[in-house]
Amino acid sequence: MTDELAGTDMSHRPPRNQWWDVWDQFKTHKGAMLGAVIMILIVLFVSIGPWIWQLDPSESPSKAIDLLRGRNQPPSLAHPMGTDQLARDFLARMMAGGRVSIFVGLMAMALSLVLGTLIGVLAGYFRRLDGPLMRFTDLFLALPLLPLLLVMVMLFRETLSQSFGPETGIFILIVSAIGVTSWMQTARIVRGDVLALKEREYVLAAKSIGTPSRRIISRHILPNVLSPIMVSATLGIANAIITESALSFLGLGFPPDFPTWGRLLYDAVDQLQLYPMRVVLPGVAISLTVLSVNYIGDGLRDALDPRIRGR
Amino acid sequence: MSDIATTEAPARGATQRKLVEVRGLKMHFPIYAGVLRSRVGEVKAVDGVSFDIYEGETLGLVGESGCGKSTCGRAILRLYDVTDGSIVVDGAEIAKVPQANLRDLRPTMQMVFQDPQASLNPRMTVAALIGEPLDEHTRLSKKEKLARIYELMDAVGLARSFANRYPHAFSGGQRQRIGIARALALNPKFIICDEPIAALDVSIQAQVVNLLEDLQDRLGLTYLFISHDLSMVRHIADRVAVMYLGKVVELAPREELYSDPFHPYTRALLSAVPEPDPWIEDKVERVILQGDVPSPANPPKGCNFCTRCPVAVERCHVEDPEFREVQPGRFVACHLYVDPKSGTVEETAASEANEHPTRRRS
């Protein structure tokens with residue numbers, strides 16, 4: 001650590017981007033890497049898969065005889081995962097369903113995260129907003145979820161379908177319905193953390209420099225509340241996928257012939273004893289997605305914390 | 001080093017220009033209670049403090065825990081919205097300026113914090129921490145900024161190879177150096193050191209204090225050095241202010257204060273300093289104060305110190321003593337001090353406490 005050493009060592013190595021440190025640490029977390037690989041495989045399966053496996057997921061044979069012969073087939077070369085009760089190819093349905101489920105999960109999670117973090121940070125940081133925003137959060141927590149969703153679907157389904165087309169319209173409706181009803185936990189956790197963080201001396205130090213509030217929040221507060229946000233994000237994806245399937249089951253979500261993983265699961269439940277694979281496959285797909293997202297979140301949280309980094 | 005070295009360094013405490021003038025500074029924190037959160041009172045953390053700091057000097061601010069030292073320092077930097085009073089820093093009145101307009105004045109005055117662990121964001125590298133003030137107030141290119149960061153790291157004795165590390169990888173003394181480098185980044189004139197050595201190992205304290213003195217000599221800085229460590233204040237400060245329960249009770253040049261304190265509280269405080277020589281230590285008569293510091297939410301009537309003062313008289317319980325200049329450069333707030341020139345009672349309040357000292361002013 002002599003001056004000479006410092007000079008030679010340092011002048012050639014300017015501070016590198018922090019994200020490289022994050023990536024280096026992320027690579028050492030085995031579970032996270034495995035989770036990332038599985039997640040990428042699932043995403044490839046649902047995004048590229050339909051290009052390769054071009055059977056229509058929602059088309060049944062038009063002739064009654066084909067329908068009767070072709071339904072509930074066990075796995076074969078023509079149908080690697082068999083067919084369902086309407087003789088539709090199950091592999092194609094898994095791909096199409098995964099596409100919707102993962103997209104709904106990610107979007108709804110992102111929406112609830114943005115809402116929750118925004119409200120949590122505002123309530124925690126600005127004392128004047130704390131009361132109103134937290135009462136607003138309480139209000140949402142107290143709302144009965146199902147009637148609220150029913151009303152939302154009743155009110156907006158037609159208008160959204162008309163302006164964005166039936167599928168996109170329903171998609172927007174579902175994502176916003178799930179997002180708007182699941183941000184409260186995040187908001188509360190974030191608010192609690194922000195309340196503690198804003199009294200820390202480094203926030204005071206930033207104030208003494210003259211840093212405006214918005215940059216104090218983005219530079220000092222947000223990076224330090226990342227861990228709880230990360231945790232609620234990973235839990236949020238799982239929640240969103242499951243809520244979506246529950247909605248579809250109740251007939252509030254996507255139309256019945258429109259495949260999602262949750263929908264496939266519910267359709268197959270009544271024939272569980274006869275065709276267990278049709279329950280197991282979407283179930284495993286949901287579990288794998290949730291699990292890999294959880295592990296990625298875990299690894300990311302560790303990698304983003306410099307105190308844990310390098311251990 | 002260009003920036004730092006070109007600043008001309010005046011001799012310590014040489015100039016007589018007032019850099020900071022604090023008059024009647026009050027910082028009251030409201031207390032809310034009850035169902036309706038109504039205001040039931042206030043914590044008078046700082047209650048009418050006045051002093052000047054001359055350019056290039058170090059003013060020590062001492063007092064026991066909870067007497068309002070840190071609050072006073074933070075209020076001067078306007079980290080709080082002060083209740084009352086005036087603060088003039090480098091010719092600009094800042095006590096009532098809205099926070100948004102203060103931004104341009106911030107570079108003049110900076111702060112070094114008590115706990116180097118808590119005052120550095122754990123998720124920022126050393127380079128980012130020291131560079132933060134530069135991001136806020138200058139428009140340097142990446143390269144210029146890095147050069148300035150290295151220059152500052154050299155100035156506080158941090159190896160340049162540390163720039164990419166995070167605060168948790170450093171010892172307390174090194175962290176405090178990072179804090180000092182951050183405070184220096186904008187070439188401030190006035191730095192408030194809020195107990196910068198309280199959280200450090202004794203072996204590191206001297207290093208940090210010497211660094212502060214060294215920087216003062218080189219850059220002509222002015223310090224307000226807040227501490228409860230009387231021997232360290234004696235080492236670094238040119239003048240010393242003693243605070244008790246939100247008020248400055250005595251302010252005097254260092255040597256005079258330590259050799260001949262006027263206020264009974266100062267006397268008690270100084271007698272608590274341990275003496276390294278055991279022979280002398282045995283002979284030292286300590287003034288041991290009874291009781292606790294009263295709550296700043298409910299200070300006693302009259303002199304704040306009257307509840308614990310060993311020499312308090314009736315008047316002390318009734319009338320709040322005025323903070324006045326009793327000798328050139330020496331201020332004290334005590335009824336029992338009477339000017340020798342007026343020919344009545346000397347300041348030896350302790351020995352003559354039983355007699356009623358005549359009033360100097362009434």
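All chains are named by letter (A, B, ...) in the order of the sequence lines, taking the proteins before the strands, and each is independently numbered beginning at 1. Because the structure is a prediction, the values reported are computed rather than measured. No hydrogens, no waters, no symmetry mates; every other heavy atom, side chains included, goes into these values.
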OH (A:Y295) with more than 12 external heavy atoms under 6.0 Å:
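Not buried by this count: 12 neighbours or fewer within 6.0 Å.
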Within a 6.0 Å radius of atom CZ on A:F103, are there more than 12 heavy atoms belonging to other residues, nucleotides or ligands?
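Counting other residues, nucleotides and ligands, CZ of A:F103 stays at 12 neighbours or fewer.
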Considering all heavy atoms of both residues, which atom of [X] and which atom of [Y] are nearest to each other, and what is their separation?
X	Y	result
B:E136	A:P212	OE1-CD, 3.5 Å
A:S208	B:L77	CB-CD1, 4.2 Å
A:A205	B:S119	CB-O, 4.3 Å
B:R106	A:I209	CB-O, 3.4 Å

For a 4.5 angstrom cut-off between non-hydrogen side-chain atoms, does A:H220 reach B:M124?
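A side-chain contact exists here, since the closest heavy-atom pair is under 4.5 Å.
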A:R219 versus chain B, heavy atoms under 4.5 Å apart: side chain, backbone, both or neither?
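Both backbone and side chain.
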Does the pair B:R123 and A:L304 meet the rule for a side chain to side chain contact (heavy atoms under 4.5 Å, CB included), with working shown?
CA-CA 8 Å; B:R123 285 172 192 262; A:L304 285 170; 3.9 Å; yes
Among [options], who wins on heavy-atom pairs under 4.5 Å with chain A?
options	value
B:Q110, B:E132, B:Q114, B:R78	B:E132
B:P133, B:P107, B:P188, B:P122	B:P122
B:M111, B:R74, B:Q99	B:R74
B:L120, B:D135, B:V126	B:L120

Out of A:R200, A:K207, A:R215, return the one with the most heavy atom pairs under 4.5 angstrom to chain B.
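Highest number of heavy-atom pairs under 4.5 Å: A:R215.
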